[in-house]
Amino acid sequence: MANFDLLMHGFGIAITPMHLMLMVGGVLMGLIVGVLPGLGAPNGVSLLIPLTFALDPTSAIILLSSMYWGALFGGSTTSILFNIPGEPSSVATTFDGYPMARSGQSTRALTLAFMSAGFGALLGVIVITLLAGWASQFALKFGAPEYFAVYFLAFAAFIGMGSAAPMKTMVSLAAGLLLASVGMDSVTGSIRLTFGFEDLLGGISFLVVVIGLFGIGELLSTVQEGLRFRGVASKIDLRDVLKTIAELPRYWATYIRSGLIGIWMGITPGGPTAASFMSYGIARSSSRKGAAFGTGRPEGIVAPETADHSAGSCAMLPMLALGVPSSATAAVMMGGLMIWGLTPGPMLFATQPDFVWGLIASMYVSNLIGVVLVLATVPMFAALLRIPFTIIGPMIVAICFVGAYTVSNATFDLWVVLVFGLVGYLFSRLDYPLAPLVLAMVLGHKAENAFHQSMVLSDGSLSIFFANPLVSSIMVLGIALLVLPKLVAFGSRFRRQVPVE
């Protein structure tokens with residue numbers, strides 16, 4: 001009941017003319033970001049952060065989160081109409097969405113996707129509402145050793161549960177930690193990894209790196225792969241929309257299963273992309289007889305979209321309650337919170353209740369706005385995609401460089417964007433994940449400070465990380481996430497090699 005009262009207070013904050021305008025504007029900008037290949041939610045949010053400095057933190061986070069939901073919806077539009085996923089998490093939607101649209105059922109495919117996305121997002125926000133108070137109260141028991149254990153758990157979870165190869169994830173994490181250590185050490189005051197560049201004394205700007213990695217890097221990958229816009233009819237028929245909504249209850253099992261998968265993958269570092277693929281695979285393996293998946297099966301749209309959006313919503317919970325983002329976009333938003341002078345974690349709920357519950361309430365409203373706007377604007381964004389990429393591409397490059405320059409008005413940042421654009425391109429071509437690098441950049445300083453404080457408290461003894469049941473449990477869980485996946489893989493490989501008599 002306490003959470004319900006706080007949520008009602010949050011609705012009072014979120015439902016104001018100013019915040020409703022920000023939600024509509026954020027969702028529309030997110031739709032553009034999601035529709036245009038080469039941008040993506042992390043880059044779109046990072047480009048928008050400098051423009052939020054004139055807003056109060058509550059208005060700023062409402063704008064950023066609305067853009068995030070819009071980007072997820074926009075990625076589904078291009079996946080279905082053009083077979084081009086605007087977001088990585090929308091790739092699985094192309095498998096059945098595009099074939100259904102090609103068969104003349106584009107309205108049905110889009111309605112299935114958007115209603116499933118809305119249901120998944122609603123399920124995720126309900127989970128946040130129910131667990132937010134408990135998570136924050138639990139986190140109040142944390143000291144420096146417990147915080148370091150949580151950061152270790154986050155890194156270990158990415159290595160053990162991520163979709164990429166563990167060694168590649170470790171390389172990405174190590175790169176992020178190195179980047180986070182550039183500049184002056186906040187504890188000892190020593191200068192690290194500046195190589196004589198005065199511009200690096202204050203460290204490397206997190207926002208500039210993200211713009212390079214996700215903006216220029218993704219754009220270079222898009223250019224190499226080549227784009228052929230093979231669009232299908234994009235007119236929305238209201239009668240087909242209502243008819244499709246009426247058939248949704250028959251997929252109730254897929255909705256529940258995919259929503260639970262998304263919730264789990266959102267709270268843990270699996271993320272929306274892994275959730276959508278996992279949900280699609282499970283839906284395919286557990287499907288009844290009927291049309292084959294990959295030919296326009298409705299469950300092939302419902303499953304990935306529900307999981308994608310429930311994971312995207314739930315990724316906000318560990319970021320707010322523990323200060324540990326479980327997706328690249330959540331990491332960028334957490335960077336925004338720190339820029340605005342807010343510290344994500346349990347004290348945020350106690351010191352900034354208007355901010356937290358205003359954000360949670362806005363998630364309900366902005367996702368509803370997103371479903372309505374995306375249905376209304378499909379023809380417009382389909383027309384936008386028919387503009388030649390030779391025109392759209394340079395516009396994206398210009399937006400990225402302008403956004404990077406506005407962070408601190410430094411020409412040096414433009415070179416940083418270019419360098420990390422190449423790094424992002426190489427990571428993409430070599431199948432190295434970018435999310436662990438972003439996570440490590442955000443958590444690097446916090447993990448280092450927590451480790452320093454723990455060593456001071458224990459006179460340099462690592463036993464402090466096993467000094468009480470709470471910190472011991474977190475550390476053991478982190479070690480298990482590192483070791484168990486390898487043991488399971490080794491065991492299954494060993495069983496295959498043993499001959500059956």
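Closest heavy-atom contact between Pro57 and Leu342: CB-CD1, 3.8 Å. Considering all non-hydrogen atoms of both residues, Met100 and Arg297 come closest at CE-C, 4.3 Å. Here the shortest heavy-atom pairing between Leu48 and Leu63 reads CD2-CG, 3.8 Å. Here the shortest heavy-atom pairing between Leu430 and Lys168 reads O-NZ, 2.9 Å. Nearest heavy-atom pair, Gly336 versus Ile49, reported as atom, atom and distance to 0.1 Å: CA-CD1, 3.9 Å. Nearest heavy atoms, Phe427 versus Ser172: CE2-OG, 3.9 Å.
The distance from atom OG1 of Thr295 to atom CG of Asp96, rounded to the nearest 0.5 Å, is 6.0 Å. Taken to the nearest 0.5 Å, the CD1 atom of Ile204 stands 4.5 Å off from the CZ atom of Phe420. Here the straight-line distance linking atom CG of Leu179 with atom CG of Leu437 works out to 6.0 Å at 0.5 Å rounding. Here Ile301 contributes atom CD1 and Thr254 contributes atom OG1; the two are 12.0 Å apart, rounded to the nearest 0.5 Å. To the nearest 0.5 Å, atoms CG (Leu201) and OG1 (Thr194) are separated by 5.5 Å. Residue Met67 holds its CE atom at 11.0 Å from OG1 of Thr52, rounded to the nearest 0.5 Å.
Between Leu220 and Leu422 the shortest side-chain heavy-atom distance falls below 4.5 Å. Contact annotation: the side chain of Phe155 approaches that of Leu177 to within less than 4.5 Å [non-hydrogen atoms, C-beta and beyond]. Met455 places a side-chain heavy atom less than 4.5 Å from the side chain of Leu462. Thr93 is not listed as a side-chain neighbour of Asp308, based on a closest heavy-atom distance of 4.5 Å or more. Under the 4.5 Å side-chain criterion, counting only non-hydrogen atoms from C-beta, Val302 is in contact with Tyr255. Taking 4.5 Å as the limit, some side-chain heavy atom of Phe451 sits within range of a side-chain heavy atom of Phe465.
Formation of a donor-acceptor pair under 3.5 Å by the Ser310 side chain with backbone atoms of Leu123 is not found in this model. Of the possible polar contacts, none joining the Gln453 side chain to the Ala450 backbone as a donor-acceptor pair under 3.5 Å is found. Although no hydrogens or angles enter the test, the distance criterion places a donor-acceptor pair under 3.5 Å between the side chain of Ser181 and the main chain of Leu178. Checking side-chain atoms of Ser66 against main-chain N and O of Ile62 turns up a donor-acceptor pair under 3.5 Å. Checking side-chain atoms of His445 against main-chain N and O of Ala180 turns up a donor-acceptor pair under 3.5 Å.
Residues satisfying the side chain to side chain contact (heavy atoms under 4.5 Å, CB included) test with Ala307, not counting sequence neighbours, are Ser258, Ala275, Ser279. Every side chain to side chain contact (heavy atoms under 4.5 Å, CB included) that Ala410 has, sequence neighbours left out, goes to Ser408, Asp413. Scanning for side chain to side chain contact (heavy atoms under 4.5 Å, CB included) contacts around Thr411 gives Tyr405, Leu414, with sequence neighbours left out. Take Ser362 and apply the side chain to side chain donor-acceptor pair (under 3.5 Å) test, not counting sequence neighbours, and it matches no residue. Checked against side chain to side chain contact (heavy atoms under 4.5 Å, CB included), Met170 has the following partners two or more places apart in sequence or in another chain: Ile159, Met167.
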Take Ile216 and Phe401 through the side-chain contact (heavy atoms from CB on, under 4.5 Å) test and state the conclusion after the steps.
CA-CA 9 Å; Ile216 305 300; Phe401 278 105; 4.2 Å; yes
Please evaluate residues Asn367 and Leu122 with respect to the criterion side-chain contact (heavy atoms from CB on, under 4.5 Å), reporting the C-alpha separation (whole Å), side-chain torsions for both, the decisive distance (0.1 Å), and the verdict.
CA-CA 8 Å; Asn367 274 291; Leu122 177 63; over 6 Å; no
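Applying the side chain to side chain contact (heavy atoms under 4.5 Å, CB included) test between Ser116 and each of Glu305, His309, Glu299 identifies Glu305 as the sole match.
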Return a table of donor-acceptor pairs under 3.5 angstrom between the side chains of residues 472-484 and protein atoms on other chains or two or more places apart.
from, atom 1, to, atom 2, distance (Å)
Ser472, OG, Phe466, O, 3.2
Ser472, OG, Asn468, O, 2.8
Ser473, OG, Pro469, O, 2.6

